Visitor: 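Structure in structure tokens, see below.
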Amino acid sequence: MSEAISEKEARFERLWAGETPKGVNRTKALKFRQYILEHVRQKKRPLTYENAKRYWMGEIQKEEAESENY
């Protein structure tokens, strides 16, 4: 399980940095950041790197699901 999580984290890091097989693509990085941060904004969370990563890893969704169950 931790291997899947670490792979997902690594994928996030690559996308956030815009790393591609041909090198760094700044446009792809900005597009990905805008996409993720828009989801974070809709959850009414501060637009930070940490919240973007937490959204990508599913932690924010899990917190919301748990709070709805109580």
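Computed from a predicted structure; not experimentally measured.
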Visitor: With Y55, which residues qualify under ring-ring contact (aromatic ring centres under 6.0 Å, His included), at least two apart?
Guide: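 With sequence neighbours excluded, Y55 shows a ring-ring contact (aromatic ring centres under 6.0 Å, His included) to H39, given in chain and number order.
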Visitor: Testing the basics here: between A52 and V40, what is the closest heavy-atom pair and its distance to 0.1 Å?
Guide: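 Taking every non-hydrogen atom into account, CA-CG2, 3.8 Å.
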Visitor: Does anything in residues 34-48 form a salt bridge (charged side-chain N to carboxylate O under 4.0 Å, His left out)? List the pairs, not counting sequence neighbours.
Guide: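 Listed once each, the pairs are E38-R41, K43-E64, R45-E63.
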Visitor: Near K8 NZ, under 6.0 Å, is it more than 12 heavy atoms from other residues, nucleotides or ligands?
Guide: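 More than 12 heavy atoms, drawn from other residues, nucleotides or ligands, come within 6.0 Å of this atom.
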Visitor: Using a 6.0 Å cut-off, check whether atom CD of Q42 has over 12 heavy atoms from anything other than its own residue.
Guide: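 Yes.
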Visitor: Keeping to residues at least two apart or across chains, list the salt bridge (charged side-chain N to carboxylate O under 4.0 Å, His left out) pairs with something in residues 26-37.
Guide: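 Checked against salt bridge (charged side-chain N to carboxylate O under 4.0 Å, His left out) - neighbours excluded - no pair reaches residues 26-37.
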Visitor: Would you kindly confirm whether L30 and F32 end up in one hydrophobic cluster when ILVMFWY residues are joined by side chain heavy atoms under 4.5 Å apart?
Guide: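 As far as the 4.5 Å side-chain criterion goes, F32 and L30 are not connected within one cluster.
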Visitor: How far does CE of M57 sit from CD of E9, to the nearest 0.5 angstrom?
Guide: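 Result: 4.5 Å between the selected atoms.
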Visitor: Mind checking whether F12 and W56 have parallel, tilted or perpendicular rings, split at 30° and 60°?
Guide: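 Tilted: the ring planes of F12 and W56 meet at 30° to 60°.
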Visitor: In a table with atom names and distances, give each donor-acceptor pair under 3.5 Å that connects a side chain of residues 13-23 to protein atoms at least two apart or in another chain.
Guide:
residue	atom	partner	partner atom	Å
E13	OE1	Y49	OH	2.9
E13	OE2	Y49	OH	2.4
E13	OE2	K53	NZ	3.1
R14	NH2	E7	OE2	3.4
T20	OG1	K22	N	3.4
T20	OG1	G23	N	3.4
T20	OG1	G23	O	2.6

